[in-house]
Amino acid sequence: MRQRQAEKIRLCTTWIVSWENEITVTAGATQALFCAISAVVHPGDEVIIIEPAYDSYLPVIELNGGTVVPYELKAPDFKVDWNEMAQLVSSKTRMIITNNPHNPTGTVFEKEDLEKLEQLTHGTDIIVLSDEVYEHLIYDGKKHQSVFLFPELYKRSMVTFSFGKTFHNTGWKSGYCVAPAELTKEFRKVHQFNVFSVNTPVQYGVAEYLKDPDTYLSLPDFYQEKRDFFQKAMIGSRFKPIPCGGTYFQLYDYSAISDEPDTEFAKRITREFGVATIPISVFYESKRDEKVIRVCFAKTEDVLKEAAEKLKGV
């Protein structure tokens, strides 16, 4: 399976990695994230995370005695201001965690973003943990700006991926981490006593499936069709869509409908209209409320159509 992953990386980025010394198969990306953080973060270390953030980052950092330093993205564009980010870096900064494409906002990094990150960490001991689980879910003809495209940045990076996200089979818990050999050695010190190994049948199955690159290269068109279908179905509602460049999540601004806190609004429309959404404030440590909710469009068209019709009544 690791050989097939190395081939996939080379095909998508031209970057050549050692399948023996730089790739570790994990029980999903969350386990990879846990091992990556635990391998390098120790008491007293600071870790910068970009919020709203996937909810496993913070507890793992704190479990290992680290301190979370949040950088808050702001609606409606949810873009990183790297000059502001630089102000958060200190002598205690051990790691910066990025998520590209970004969950929950759907924001996608441009080439300039990775260049800025490379400049920010150059000459430091900072490790970059690049969460790239939605690597193939990028739309409108954009190219995924992976860490692999920036050799100097990769030298200090640990990159995590998820076949559950790529192939929409999250229950199989299959992912992997790629890092330079010296970082992989540290990663495996945790992995060995955490999961140790991933079940063989899934590894063989995924390796066989990856023989045909179209299984993942066709995903942008597949999910963009769903994104566009749902956006069209929502025309006429009072929800304002926020551009989604990647992932299978669409954000909607509901400020024209209600001034309720997003958590209360999400609960109410679930009870009264039968559509479950996620309030964005729960992904911020500060509970920042932008009056925005997240909708998952990785559904069949009949489900998306039904959900849109219900939301139009809100």
Side-chain angles (χ1 to χ4, degrees), residues 1-33 98-103 106 108-111 113-114 130-151 153-154 157-181 184 198-229 244-249 296-301:
M1 182 169 171
R2 288 183 293 163
Q3 290 170 299
R4 196 77 70 215
Q5 292 162 338
E7 292 171 4
K8 176 177 174 295
I9 291 169
R10 181 188 57 78
L11 176 65
C12 294
T13 68
T14 73
W15 188 254
I16 297 175
V17 299
S18 165
W19 66 267
E20 294 177 295
N21 301 316
E22 297 181 65
I23 299 177
T24 307
V25 180
T26 60
T30 299
Q31 188 244 322
L33 293 167
T98 62
N99 180 202
N100 175 40
H102 186 262
N103 171 27
V108 173
F109 277 177
E110 304 289 346
K111 181 181 179 181
D113 290 301
L114 275 294
S130 182
D131 182 350
E132 301 185 16
V133 298
Y134 297 100
E135 58 174 329
H136 296 298
L137 279 60
I138 294 183
Y139 314 125
D140 306 313
K142 289 189 175 183
K143 177 181 176 64
H144 174 50
Q145 297 297 324
S146 174
V147 162
F148 297 124
L149 299 173
F150 302 83
L153 185 58
Y154 175 66
S157 296
M158 307 169 90
V159 197
T160 59
F161 300 92
S162 167
F163 287 118
K165 295 293 188 298
T166 301
F167 300 130
H168 205 185
N169 56 359
T170 52
W172 287 21
K173 304 306 295 177
S174 178
Y176 58 108
C177 178
V178 186
T184 293
V198 178
N199 72 88
T200 300
V202 165
Q203 292 198 54
Y204 273 108
V206 172
E208 182 69 22
Y209 196 62
L210 286 174
K211 284 184 177 180
D212 179 8
D214 189 59
T215 57
Y216 49 88
L217 295 180
S218 62
L219 287 172
D221 291 339
F222 176 78
Y223 280 105
Q224 183 172 332
E225 186 176 338
K226 291 181 178 293
R227 181 200 69 174
D228 295 347
F229 177 88
C244 165
T247 76
Y248 42 59
F249 301 117
C296 176
F297 56 78
K299 308 293 179 182
T300 58
E301 288 190 356

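We number each residue from 1, following the sequence as shown.
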Can you tell me how far the [atom1] atom of [X] sits from the [atom2] atom of [Y], to the nearest 0.5 Å?
X      : Y      : atom1 : atom2 : result
Asp131 : His102 : CG    : NE2   : 9.0 Å
Met1   : Trp19  : CE    : CH2   : 13.0 Å
Thr26  : Lys173 : OG1   : NZ    : 8.5 Å
Leu219 : Tyr139 : CG    : OH    : 8.5 Å

Is the backbone N or O of [Y] less than 3.5 Å from a side-chain atom of [X], with the two atoms forming a donor-acceptor pair by type?
X      : Y      : result
Asn21  : Ile23  : no
Ser130 : Thr98  : no
Ser157 : Val159 : no
Glu22  : Ala6   : no
Thr14  : Arg10  : no

Distance-minimising heavy-atom pair for [X] and [Y]:
X      : Y      : result
Ala29  : Val133 : CB-CG1, 3.4 Å
Glu132 : His144 : OE1-NE2, 2.9 Å
Val108 : Gly246 : CG2-N, 3.6 Å
Leu149 : Gln145 : CD1-OE1, 3.9 Å
Asn103 : Asn99  : N-OD1, 3.0 Å
Asn100 : Phe109 : OD1-N, 2.9 Å

Does [X] have any side-chain hydrogen bond (donor to acceptor under 3.5 Å, both in side chains) partners at least two apart in sequence or in another chain, and if so, which?
X      : answer
Thr160 : none
Lys111 : none
Gln203 : none
Ser174 : none

Take atom NZ of Lys299 as the centre, draw a 6.0 Å sphere, and report whether it contains more than 12 heavy atoms from other residues, nucleotides or ligands. no
Ile16 atom CD1: more than 12 heavy-atom contacts under 6.0 Å: no
Sequence neighbours left out, what passes ring-ring contact (aromatic ring centres under 6.0 Å, His included) with [X]? Give chain and number order.
X      : value
Tyr223 : Tyr248
Tyr209 : Phe167
Tyr216 : His136
Tyr176 : Phe161, Phe163

Hey, does Asp113 have a side-chain heavy atom less than 4.5 Å from the side chain of Glu110? yes
Contact check, side chains of Ser146 and Tyr154, non-hydrogen atoms, under 4.5 Å: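 They are not in contact (no side-chain heavy atoms under 4.5 Å apart), so the answer is no.
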Could you work out, with salt bridge (Lys or Arg N to Asp or Glu O under 4.0 Å) as the rule, every residue matching [X], not counting sequence neighbours?
X      : result
Asp140 : Arg227
Arg2   : none
Glu20  : none

Side chain to side chain contact (heavy atoms under 4.5 Å, CB included) between Cys244 and Phe297, worked out: CA-CA 11 Å; Cys244 165; Phe297 56 78; 4.0 Å; yes
Would you call Glu7-Arg4 a salt bridge at under 4.0 Å N-O?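 Answer for the salt bridge query: yes.
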Contacts satisfying salt bridge (Lys or Arg N to Asp or Glu O under 4.0 Å) that involve residues 205-224 (not counting sequence neighbours) are Glu208-Lys211
